[in-house]
Amino acid sequence: MAFRACSPNQNQRRSMMTHLNSHLHGFIKLTGNFIITSFLLPSSSRLGLEFSPHSTSLASLLHSTSFSNNGDRPLLSRYQKVTSLDHAFKLFDEMLHTRPLPSVVKFTQLLNAVAKMKHFSSSLHLFKQMCVVGVPVDAYSMNIAIRCCCQMSRTNDGFALLASCFRRAVVPDVCTFNTLLDGLIREDRILEAERLFKKLIKHKSCEPNVVMYSTMIKGLCKFGNNDIAIGLFRLMDERGCKPNTVVYNTIIDSLCKDKLIDDAFNLFKEMVSHKGILPNVITYTSLIHGLCNLCRWDEVSKLLKEMEDLRISPNFQTFSILVDAFCKEGRVDEAEAVIDIMVERSEAPDIVTYNSLIDGYCLRGEMIKARTLLDSLTSKGLIPDVFSYNTMLQGLFRVGRCGEARKLVDEMRSQVLIPNACTYRIILDGLCNNHQVEDVLSLFHLVGDSKLNSDIQVYNILIDGMSKCGKLDIARDLFQDLTLKGLKPNVRTYNVMISGLCREGMPEEAKHLFHKMDESGCPPDNVTYRVLLQGYLITRHYNDVEMLLQEMDGRRYSLDASTLSLLIDKIAVGLLDRSMLKLIGKLVPKELMDTPA
DNA sequence: TTAGGGTTAG
């Protein structure tokens, strides 16, 4: 594998673009073919059944699994078949008047059916009624009630029910504790979740199983602790709890989201080749999503082909992710083709998918198409939401049509769609990008001390916008104001401030701020390093470049195309030492590398 | 009869 960016000349750079384009082109061609062929896959795979390449014949599987409707599957009881809340309440009332009272199992079936319809408070209400009339509740019914609390983000009420378990001599099991653990994680109470998990193991309250480990791993991933999550994953294996597809998927997805795609693929390889665990559509969708985010299109097409070989059919979410990725690249034709296939497969695109398409049109400046689509959503049976309008709004600002953007906001109001915090941020950002400094500031001041302005993201937009409009003094004042407002700068705040300082030729002040980050408990991220490096290079501040590169290597960070290009230019003209190339080579992500001819 | 994994705006 050659390091493409080593040669700085114009031809090489052009060739990199051509190469990338041909990949993209190849991908689209292949994807187009593939999606059509996957639509033609045997109906078994469209039904969501997956086949190992070594499995017994397709026909026998089809026969035994997908079409055997009689006998094998237990019939659902009338309590599990409820279709509406009304129906459930009527049935419950009937049960209360039956003598002797139906068994707790029947009641539990009904509770579960109601919970599955996402009527959590009703399910909980029925549970309480059961207790009142003296149905002897057990761990199953208790677990459903606890789950209802947790799903409504009332995990504390779930713990209160746990206490009542002890009073009622109901023994909580691993499922009870896992539900509570999941509730804590859902409410972002990761420290309490960790404490509970450790306590359960210490007191041997229950033996964690693969679901519980997986819940804890999900929580750790959610809070950016991939390494600790992987540590727990290894520990679980050592303790004799065999990992399965779900646990692998959880970690793979988190690595993909953090752009650690190569680590994700190592894990994927381990899962499939060493452990013999079959990947499924979720595994592939996570990987595809990760690759799309990094624009590694050739590998996306490879994975889609692999799915086809394994007879794993892409599903609604896979398609949705592809539509979104195509739209973000401005490839709306391909996105439209995928949407057509979704319609053919009766996986009707939802509002989210269409929002991506609106975004794609806007990105290409095709505002009429975007507007027509927005207006046609209702006829597709979808109600345009604030999200759709926000997307359109963003597009109008992007092409500099501030007047029309204003009109759209008025239109939202007239449609009783209340602009939300995101609308506000889009307007601020749009006005900044269109250099409407006066308007931005008057809007910001008009909003004043309202909750909308107690938002670090608002400040990030304004600091960035002001410094890009050449108003670094205002940006600095806003940065100072943060602490007075009781807001804490986040990594993005530092990044935009550092970037602004560099833009105005103040690398020393930028460096000072950079050093403050770690001590403020906000360590610099990949972007901080890139921004500072670019600042140093543009302001001809070369002394610290190598040190920054080494630190990046230590933190496993990587270079982006523009920083890389700047570094190479400086080496080419002899302002930076060629010896740095080796270190730079280590920091180039795969998507910027050449592939063998 | 109970618990776990993948898409949405800066």
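Proteins get letters first, then strands, A, B, ... in listed order; numbering begins at 1 in each. Since the model is a prediction, treat every value here as computed from it, not as a measurement.
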Take the protein atom [atom1] of [X] and the nucleotide atom [atom2] of [N], then report the distance between them rounded to whole Å.
X        : N     : atom1 : atom2 : result
A:Leu322 : B:dG6 : CG    : P     : 18 Å
A:Asn420 : B:dT8 : CG    : P     : 16 Å
A:Lys222 : B:dG4 : NZ    : C1'   : 14 Å
A:Asp138 : B:dA3 : CG    : P     : 14 Å
A:Asp173 : B:dG4 : CG    : C1'   : 15 Å
A:Ile321 : B:dT7 : CD1   : P     : 6 Å
A:Ile288 : B:dT7 : CD1   : C1'   : 12 Å
A:Leu200 : B:dA3 : CG    : P     : 18 Å

Choosing from [options], which nucleotide comes nearest the side chain of [X]?
X        : options             : result
A:Ser214 : B:dT1, B:dA3, B:dG4 : B:dG4
A:Val174 : B:dG4, B:dA3, B:dT2 : B:dA3
A:Val352 : B:dG4, B:dG6, B:dT8 : B:dT8
A:Val211 : B:dA3, B:dG6, B:dT8 : B:dA3
A:Lys257 : B:dA9, B:dG6, B:dG4 : B:dG6
A:Gln109 : B:dT1, B:dG4, B:dT7 : B:dT1

What's [X] touching, base or sugar-phosphate or nothing? Going by heavy atoms closer than 4.0 Å.
X        : result
A:Ser356 : nothing
A:Val210 : base
A:Asn244 : base
A:Asp464 : nothing
A:Thr423 : nothing
A:Val323 : nothing

Report yes if a side-chain nitrogen or oxygen of [X] is closer than 4.0 Å to either non-bridging phosphate oxygen (OP1 or OP2) of [N]; otherwise report no.
X        : N     : answer
A:Lys116 : B:dT1 : no
A:Arg147 : B:dT2 : no
A:Asn112 : B:dT2 : yes

- Message: For A:His125 and A:Phe89, take the angle between the two ring planes, folded into 0 to 90°, and tell me which bin it lands in: parallel under 30, tilted 30 to 60, perpendicular over 60.
- Response: tilted
- Message: Suppose we screen for side chain to side chain donor-acceptor pair (under 3.5 Å). Which residues come up paired with A:Asn209, at least two apart in sequence or across chains?
- Response: none
- Query: Quick one: side chain to side chain donor-acceptor pair (under 3.5 Å) partners of A:Asn355, sequence neighbours excluded?
  - Reply: A:Ser388
- Query: Is any NZ, NE, NH1 or NH2 atom of the basic residue among A:Arg492 and A:Asp525 found under 4.0 Å from an Asp or Glu carboxylate oxygen of the other?
  - Reply: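 Salt bridge between A:Arg492 and A:Asp525, a charged N being under 4.0 Å from a carboxylate O: no.
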- Task: Can you spot which of A:Val211, A:Leu196, A:Val174 makes a side chain to side chain contact (heavy atoms under 4.5 Å, CB included) with A:Leu181?
- Result: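 Answer after filtering A:Val211, A:Leu196, A:Val174: A:Leu196.
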- Query: Is there a donor and acceptor pair, one atom on the side chain of A:Asn209 and one on the base of B:dA3, closer than 3.5 Å?
  - Reply: yes
- Any donor-acceptor pair under 3.5 Å between the side chain of A:Thr285 and the base of B:dG6? yes
- Item | Stepwise salt bridge (Lys or Arg N to Asp or Glu O under 4.0 Å) test for A:Arg234 and A:Glu270 | CA-CA 12 Å; A:Arg234 299 293 175 213; A:Glu270 170 192 302; 2.9 Å; yes
- Query: Which pairs count as side-chain hydrogen bond (donor to acceptor under 3.5 Å, both in side chains) when at least one residue sits in residues 141-159 of chain A, sequence neighbours excluded?
  - Reply: A:Asp138-A:Ser141, A:Asn143-A:Asp173, A:Asn143-A:Thr176, A:Arg154-A:Asp157, A:Thr155-A:Glu187, A:Asn156-A:Arg189
- Message: Show me the pairs that pass side-chain hydrogen bond (donor to acceptor under 3.5 Å, both in side chains) and involve residues 426-435 of chain A, at least two apart or across chains.
- Response: A:Asp429-A:Asn433
- Query: For DNA chain B, which residues in residues 382-399 of chain A have a heavy atom at a distance below 4.0 Å?
  - Reply: A:Phe387, A:Asn390, A:Gln394
- Message: According to ring-ring contact (aromatic ring centres under 6.0 Å, His included), who are the partners of A:Phe92, at least two apart in sequence or on a separate chain?
- Response: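 A:Phe107.
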